[in-house]
Amino acid sequence: MTDQNHYEIIVIGSGPAGFTAAIYAVRGGASAALFGGMAPGGQLLQTMEIENYPGFTDPVVGADLMQKMMKQTQRLGARVLQESIVSADLSSRPFKLKSSGGQQYTADALILATGAQARWLGTPSEEKFKGKGVSGCATCDGFFYRGKEVAVIGGGDSAAEDALFLTKFASKVYLVHRRDKLRASFRLQEKLKSNPKVELVYDHVPEEFLGDAKLSAVRLKNVKTGETRELAVSGAFIAIGHTPATELVKGQLKLDEDGYIVTDDRTAASVDGVYAAGDVMDTRYKQAVVAAGAGCKAALEALAFIEGCPKRA
């Protein structure tokens, strides 16, 4: 390994949090590298239209937005590598990292922006209609279903919150749950029951998503009787949770019961010099602009940290 493989700040992850962190790191005078995997861009690569990211008069395609962020990051001087980090040793500084290409890297400070993946049902028809009526983000895509009927799949707080949010736009919202009662909090359940736009569909699971170019219906199966029925809907929102990408640091950083990185209000993780930003630590908002803001905070904290540390020999 050579000094060319050492950076003052290394960012792992290439969504809004990661790119923003790298931008602020190099703007702050640090040498910085970002590891973005084979397809930099994170979850936004699956988002066809984004209307709520500041600075764009017209909707922007998620992949286009991430390309702009990547080019900006590179123009400012950060190195962007289309590789993944496959192992990390956080036991001492500089932190030691190994890439999927077999290279060893070290860093004085580390920013984890590895994100979280929406959990999907895993059916072929679901995959077919992703971005064509099937979505994992109600707050991202709900606006496009104004005046239409939609379904939400799930039974926890996230599903209940998504269903209530969608009533702002949709004419009717079916909340489909595989059990005979929801797992959502009492308060949310009361709101669902009192909302005339919401219909609770218990004891059912999606069997198949139907349509031609776009989703037009969901075939449901009753888990008790085996009978099927079809819901004519234009959108289906999968709300069965998220899985944070924290395998890399499991056992080295403090994680919560769901696997998210625990940070303080300044994005610092449980090991000095390690910071986390975006969906890998955000259990609530799951928004690109929030992730970008956290990336900014993480970079500013990392810069302050390396300035206060002895210089590497």
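Since we're looking at a predicted model, the values are computed, not measured.
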Exercise for the section: Might you work through the side-chain contact (heavy atoms from CB on, under 4.5 Å) test for F143 and F169, ending with a clear yes or no? Expected result: CA-CA 6 Å; F143 177 83; F169 310 105; 3.9 Å; yes
Trace of the side-chain contact (heavy atoms from CB on, under 4.5 Å) decision for L65 with F56
CA-CA 10 Å; L65 176 60; F56 294 88; 3.6 Å; yes
Using side-chain contact (heavy atoms from CB on, under 4.5 Å), reason through L188 and E161 one step at a time and then give a plain yes or no.
CA-CA 7 Å; L188 286 172; E161 289 170 353; 3.9 Å; yes
Steps toward salt bridge (charged side-chain N to carboxylate O under 4.0 Å, His left out) verdict (R187, E190): CA-CA 5 Å; R187 179 183 63 83; E190 289 301 297; over 6 Å; no
*Give the C-alpha distance, both sets of side-chain angles, the deciding distance and a yes or no for side-chain contact (heavy atoms from CB on, under 4.5 Å) between Q104 and K98.*
CA-CA 5 Å; Q104 301 286 338; K98 183 178 179 181; 3.7 Å; yes
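Without hydrogens or angle criteria, Q117 side chain to A245 main chain gives no donor-acceptor distance under 3.5 Å. In terms of modelled atom types and a separation under 3.5 Å, the side chain of D203 and the main chain of D180 share a donor-acceptor contact. Side-chain atoms of E83 do not come within 3.5 Å of backbone N or O of S99 as any donor-acceptor pair. Not one N or O on the side chain of Q72 forms a donor-acceptor pair closer than 3.5 Å with the backbone of K68. S31 places a side-chain N or O within 3.5 Å of a backbone atom of E8 that can act as its donor or acceptor partner. The main-chain N or O of A170 is found under 3.5 Å from a side-chain atom of K197 such that the two form a donor-acceptor pair.
For the atom pair CZ of F305 and CG of L300, the computed distance is 15.5 Å after rounding to the nearest 0.5 Å. Separating the CG atom in L253 from the CG atom in L110 is a distance of 8.5 Å, to the nearest 0.5 Å. In this structure, D282 CG and Y260 OH are separated by 8.0 Å, a value rounded to the nearest 0.5 Å. Once rounded to the nearest 0.5 Å, the distance linking OG of S135 with NZ of K130 reads 10.5 Å. Here NZ of K132 is found 11.5 Å from CG of L215. Values are rounded to the nearest 0.5 Å. Here the straight-line distance linking atom OG1 of T139 with atom OH of Y285 works out to 12.0 Å at 0.5 Å rounding.
L112 and V271 end up in the same hydrophobic cluster when Ile, Leu, Val, Met, Phe, Trp and Tyr side chains are linked at under 4.5 Å. Taking hydrophobic clusters as Ile, Leu, Val, Met, Phe, Trp and Tyr residues chained together by side-chain heavy-atom distances below 4.5 Å, M281 shares a cluster with F95. No chain of hydrophobic side-chain contacts below 4.5 Å, direct or via other Ile, Leu, Val, Met, Phe, Trp or Tyr residues, connects W120 to V205. Transitive grouping of hydrophobic side chains (ILVMFWY, heavy atoms separated by less than 4.5 Å) keeps I240 and F165 in distinct clusters. In the hydrophobic clustering of this structure, V152 groups with L164; members are Ile, Leu, Val, Met, Phe, Trp, Tyr whose side-chain heavy atoms approach within less than 4.5 Å, directly or through other members.
Atom OH of Y24 is surrounded by 12 or fewer heavy atoms from other residues, nucleotides or ligands within 6.0 Å. Other residues, nucleotides and ligands contribute at most 12 non-hydrogen atoms within 6.0 Å of the NZ atom of K221.
The nearest pair of heavy atoms linking Q252 to S91 is OE1-N, 4.3 Å. A276 approaches V280 most closely through the heavy-atom pair CB-CG1, 4.2 Å. The two atoms that bring R183 and G156 nearest to each other are NH2-N, 3.6 Å, heavy atoms only. The minimum heavy-atom distance between G37 and S84, with the atom names listed, is CA-OG, 3.6 Å. Scanning all heavy atoms of the two residues, the minimum distance from I9 to A302 falls at CD1-CB, 3.8 Å. Pairing each heavy atom of F129 with each of D212, the nearest pair is CE2-O, 3.7 Å.
Between Q103 and L81, the closest side-chain pair of non-hydrogen atoms is not below 4.5 Å. Taking 4.5 Å as the limit, every side-chain heavy atom of V198 sits out of range of all side-chain heavy atoms of K191. Residues V289 and P54 meet the side-chain proximity criterion, which asks for heavy atoms closer than 4.5 Å. Annotation: side chain of L121 is in contact with side chain of P206 (closest heavy-atom distance under 4.5 Å). Residues V274 and V249 are not in side-chain contact: their nearest non-hydrogen atoms beyond the backbone lie 4.5 Å or more apart. Considering only heavy atoms from C-beta on, F144 comes within 4.5 Å of E51 through its side chain.
Taking the centre of each ring, F35 and Y7 stay at or above the 6.0 Å mark.
Annotation: side-chain hydrogen bond (donor to acceptor under 3.5 Å, both in side chains) contacts of E208 (sequence neighbours excluded): R219. The side chain to side chain contact (heavy atoms under 4.5 Å, CB included) check on V201 picks up Y174, V176, E199, H204, L220, R229, with sequence neighbours excluded.
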Mind listing the side-chain donor-acceptor pairs of residues 10-21 below 3.5 Å, one per line with the distance, residues two or more places apart or on another chain?
residue : atom : partner : partner atom : Å
S14     : OG   : G36     : O            : 3.1
S14     : OG   : G41     : N            : 3.0
T20     : OG1  : P16     : O            : 2.6

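When only modelled atom types and interatomic distance are considered, T267 and E301 share no side-chain donor-acceptor pair under 3.5 Å. Side chains of D258 and H242: no donor on one and acceptor on the other come within 3.5 Å.
Under a 4.0 Å N-O distance rule, the pair K250/E247 qualifies as a salt bridge.
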